[in-house]
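Because the structure is a prediction, the values reported are computed rather than measured. A note on names: the letters A, B, ... follow the listed sequences, proteins ahead of strands, and every chain is numbered from 1.
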Amino acid sequence: MQIEKVYEPQRFEPHWARWWIDSGVFRPSGASERVFALVIPPPNVTGSLHMGHMLEHTEIDVTIRWHRMRGENTLWLPGTDHAGIATQMVVERKLAEEGTDRRTLGREEFERRVWAWKREYGDTIKRQMIRLGVSCDWGRERFTLDPGLSRAVREVFVRLYEKGLIYRGEYMVNWCPRCHTALSDLEVVKEETAGNLWHIRYPVNGSDRALVVATTRPETMLGDTAVAINPKDERYGDAHGRTVQLPLMDREIPVILDTLADPEFGTGVVKVTPAHDPNDFEAGKRHNLPKIRVIDETGKMTAEAGRYGGLDRFEARLRVVADLDDLGLIEKIEPYHLAIGKCQRCKTVVEPLISTQWFVKMKPLAEPAIRAVEDGRVQFVPENWVKTYNEWMYNIRDWCISRQLWWGHRIPAWYCGDCGAITVSRETPTACVHCGSGWLTQDPDVLDTWFSSALWPFSTLGWPDDTVDLRTYYPTSLLITGFDILFFWVARMIMMGLEFMGDVPFRQVYIHGLVRDAERQKMSKTRGNVIDPLEVTEKYGTDAARLSLLLGAAPGTDIVLTEERMVSSRAFANKIWNAARFLYLNMERSGVEPEVRGPGAAETLEDRWIFSRLNRCAEAANRAIEQYRYHEVAQVLWQFVWHEFCDWYVEIKKLRFQDNSGLTNDWRNVLSVFEMSLRLLHPVMPFLTEELWQRLTPDKTGRPVSIALAEYPQPDPALANETAEKEMEILQEIITAARNLRADMKADPKQQLDGTLYSRTGALDLAVRHIDVIQKLANVRLELSPGTAPRGGGILRSTPEFDLVLQAPAGQIEAQRQRLEKEIQQLEKVIAGSKRQLGDDTFLSRAPVPVVDGIRRKLADYEAQLEKSRSALEGLPA
RNA sequence: GGGCGCGUAGCUCAGUUGGUUAGAGCGCCUGCUUCACACGCAGGAGGUCACAGGUUCGAGUCCUGUCGCGCCCACCA
């Protein structure tokens, strides 16, 4: 058998990757357990894969594999970033045709091309989406891809509309002048920016005085239709009922009394621009003020802005300020920090504009969703996300769902050219429902993508039809996702699920951390600080990348991902690989077939021990996955495989193997433990374990075709063996003590040292039985003697169980002296601590008995140990 | 302004319900090319658990406050 010295993941992953993906979309029948998850982008669509996805998919994948290996059927619902994934597929293919490596392009250029290709290859994209089983309705292009989802979207829209929960209204919306679309509140990101607060004088008509208003956006003054003061603000009593002259526009506008003005802030006087500020808009409604739009959809000043018309809004600001300054109307300018809203997608400064849009009334939908979480029908892991969820749900605002984009589900509303009324309909209407006219035009807008995403848990199962899938799989059991889309998606799925299915969409929501880079920055495509999964999986292997992510994935914490971590994960993969290499090569040498026949009799201590440890490991791993403690899974397996199986078990077994010995019990047990370890590891490191498992069992008859379908090891009380664990522990202590002494005296590793092991306990008998193991692993030759070590016999290390004395080469006792002195110091410290506790009556009376007993026992050990160390120190030659 | 979270070894982080001398990986130091693995083996150094109080027989763990950091939400011009 040829096995490479170093594990080269690239050689094995592509083959299994294909299987991995295919296996994902498998539909069980009569499922008992359901898993609800996002699609894992196929490896050939890596363009859309980033570390955040990878973490999410890894956690999902671990969970799915675990369930499947436990014989529980899973349904994995492929999910939602259809357009993104499909586009990336096209782009990847296009690049491959061109022979361009996407990594040489750079993010920006890549994104640019994605957008270009999106338009150019729209048709191909749609076909690809069909292949992926995803769906999208390309609104502006007027054809429908997936009748299912489109139908569900229209159904929901119509039902909500008929219930009065969807309405069309003129409101202030967040408008992106670059994307030319309205945005929901959530799509606006606030950015702290240094700006100015301009104080502008507005002369009061029929009076000498002027009202000074403070504003951060002077250009909007062109659209002012009032000036507000607080009714309680005594400073401006004389201005009540008067008007002011709006500078630059020479318009007379009223002074209104409104709580909009906060006497504490600025001058206490506010300019009111109902067309360009949400607060002013509300105030304008209260006072029936005209709304003058001075900025248009492209961010340019309108004709209403007089001589500033046509100017860019930022240019206009400079001109307005300059002109006001010329007129001597600038009272002062103070620097001011403000949060400017920007478009999440393109970072353009958002412009609040009055516009007619479609909205969903959220309060009636939010209330049942709040209750569902409160009474535990939906459970968050970790639980503290409930607070965040509630915070948002209790303060929820109506949701602007119409978008002026060219992709998306088109709004099923038609306007009548004759009577102007709206017809909302599931099917394309032939006549206006109000006047019967046939002159109908569909609303050109499309829906927010999150609108259809919110329907995903049931639309993917066939809703609105009453399908078997729907009845079987709704509600699903688990959603794994990031908190960044808690509001965008999770909350809305819960609301829609309750509204249309009458039940929650999922029982549990596991919320993972965000992936951050070494500088603690959130990794995101737009920020450009991503570690490219393509690169790292190629460099370190997908298994190593997965393991690195999992090791950091403690619930409730973010993940800092560094290359160092992947280096060590790769080392672990290599360690497993080489353990296998050792086993397989030795099997050949021994004439053993590389297959597993199940464990043989556990005749030796190390066998009883490793089975007991394996059992504990299985127990911990199962529990950890069940509780979504992925970091613990990884850690527990790492510890067991490396530091128990490799470091001790295999090392001991080396002494047992002889050439051509055939299939001994030793072999059967080693292989059995290794094979079970592979199965335990499989969800965490699928490729490596699959490859090794296949090599281990070349004859597949009677076995699952893949390790992914093999049984996940479950804890078995019959394997637990306290005695073996305790004995092995002492054996390890003896060996470690000997190695310690060797290191202290700087012994040549090749030189076998003589010594004596003294013991009055079972350790002596243990040592007698395992003297070969001790002598080989520590490279010493020991005599065994009952009793305790005599003074001055050599250098010593002792435990409550035994004293080990080695003959020190001359001149190497100084290290021993220092070590003993330090040890004595430490012991004195802990003895003092224990004594203090045991001397305290309240402690004795209140602490539980086992705790007190434990400390008593420990104190006795410490004291015995101290005695030995002191005596050893005194026994050292001066 | 409101809410959430974090501050533990040089670095990145664990530490389930308070209970023996606080852990891991990386890095560092010492010694080893021992025929599975230098992506390795053996050994080692390194922490007043941010600070100050409090509860308790006992606090890294619970409570209060302070300082520092991060995130989310919010219509104060």
Sugar-phosphate only, base, or nothing, as touched by D840(A) at under 4.0 Å among non-hydrogen atoms: sugar-phosphate
Separation of the P atoms in G60(B) and G7(B), to the nearest angstrom: 15 Å
Residues Q865(A) and T799(A): side-chain donor-acceptor under 3.5 angstrom: no
C37(B) versus A42(B) - spacing of their P atoms, nearest Å: 15 Å
Donor-acceptor under 3.5 Å (N230(A) side chain, D262(A) main chain): no
Touch class at under 4.0 angstrom, heavy-atom based, for L260(A) against every strand present: base
F657(A) and W667(A) aromatic ring geometry - parallel, tilted or perpendicular at 30°/60° bounds: parallel
Counterpart residues, side chain to side chain contact (heavy atoms under 4.5 Å, CB included), relative to N578(A) (two or more places apart): N574(A), R581(A)
Listed partners of Y628(A) passing ring-ring contact (aromatic ring centres under 6.0 Å, His included), at least two apart: Y510(A)
Sugar-phosphate, base or nothing in reach of G839(A), heavy atoms under 4.0 Å: nothing
Distance, rounded to the nearest Å, where W489(A) contributes CH2 and C72(B) contributes C1': 20 Å
Contact list for RNA chain B against residues 389-400 of chain A - heavy-atom distance below 4.0 Å: R397(A)
Touch class at under 4.0 angstrom, heavy-atom based, for K750(A) against every strand present: sugar-phosphate
Residue list, side chain to side chain contact (heavy atoms under 4.5 Å, CB included) with E4(A), at least two apart or on another chain: R11(A), F12(A), W577(A), R695(A)
Any residue meeting ring-ring contact (aromatic ring centres under 6.0 Å, His included) with Y202(A), in chain and number order, not counting sequence neighbours: none
Euclidean distance for C1', C49(B) against G18(B) (whole angstrom): 15 Å
Separation between the P atoms of A77(B) and U17(B), rounded to whole Å: 43 Å
Distance under 6.0 Å and angle within 45° of ring axis: R217(A) vs W198(A): no
d(NZ, K190(A); P, G70(B)) in whole Å: 20 Å
Euclidean distance, atom CG of residue L55(A) to atom C1' of C13(B) [Å, nearest integer]: 15 Å
Residue pair E828(A) / Y862(A), side-chain donor-acceptor N/O under 3.5 Å: no
Test item: side-chain donor near acceptor, Q837(A) and S834(A), under 3.5 Å: no
Residue pair T220(A) / K271(A), side-chain donor-acceptor N/O under 3.5 Å: yes
C1' atoms of G19(B) and C62(B), separation to the nearest Å: 14 Å
Test ring-ring contact (aromatic ring centres under 6.0 Å, His included) applied to W648(A) - qualifying residues, sequence neighbours left out: none
Spacing between K271(A) atom NZ and C75(B) atom C1', to the nearest angstrom: 14 Å
Contacts of N174(A) that satisfy side chain to side chain donor-acceptor pair (under 3.5 Å) - sequence neighbours left out: D185(A)
Between C32(B) (P) and Q751(A) (CD): distance, integer Å: 14 Å
Contact state string [nucleotides 37-44 of chain B, B base, S sugar-phosphate only, - no protein heavy atom under 4.0 Å]: BSBSSSSS
Atom P, compared across G27(B) and C71(B): separation rounded to whole Å: 30 Å
Distance flag, aromatic centroids of F359(A) and W399(A), threshold under 6.0 Å: no
Dot-bracket encoding of pairs in RNA chain B, which uses [ ] for pseudoknotted crossings and | for another strand, Watson-Crick or G-U under 3.5 angstrom: ((((((((.[[[[.)...(...]]]].(((((.......))))).....[[[[[..)....]]]]])))))))....
Distance in angstrom units between Q635(A) CD and C26(B) C1', rounded: 14 Å
Partner residues of F640(A) under the ring-ring contact (aromatic ring centres under 6.0 Å, His included) criterion, sequence neighbours left out: none
G31(B) to C67(B) separation - C1' atoms, rounded to the nearest Å: 46 Å
Side-chain donor or acceptor of N779(A) paired with backbone N/O of P749(A) under 3.5 Å: yes
Sugar-phosphate only, base, or nothing, as touched by A261(A) at under 4.0 Å among non-hydrogen atoms: base
Y7(A) six-ring centre to K575(A) NZ/CZ under 6.0 Å and within 45° of normal: no
Parallel, tilted or perpendicular, as decided by the 30° and 60° cut-offs, for the rings of Y171(A) and F281(A): tilted
Check nucleotides 16-20 of chain B for protein N or O atoms closer than 3.5 Å to its own N or O atoms and list the pairs.
residue, atom, partner, partner atom, Å
U20(B), O2', Y862(A), OH, 2.8

Interatomic distance at P, C63(B) relative to U56(B), whole Å: 16 Å
Spacing of L844(A) atom CG relative to G58(B) atom P, expressed in whole Å: 13 Å
A554(A) side-chain proximity, nearest of A14(B), U12(B), C26(B): A14(B)
Reading 5' to 3' through nucleotides 4-9 of chain B, protein heavy-atom contacts under 4.0 Å coded B for base, S for sugar-phosphate only, - for none: SS----
Residue whose closest nucleotide on RNA chain B lies nearer the 5' end, N279(A) versus Q826(A): Q826(A)
Between P of A77(B) and CD1 of I256(A), the distance in whole Å: 18 Å
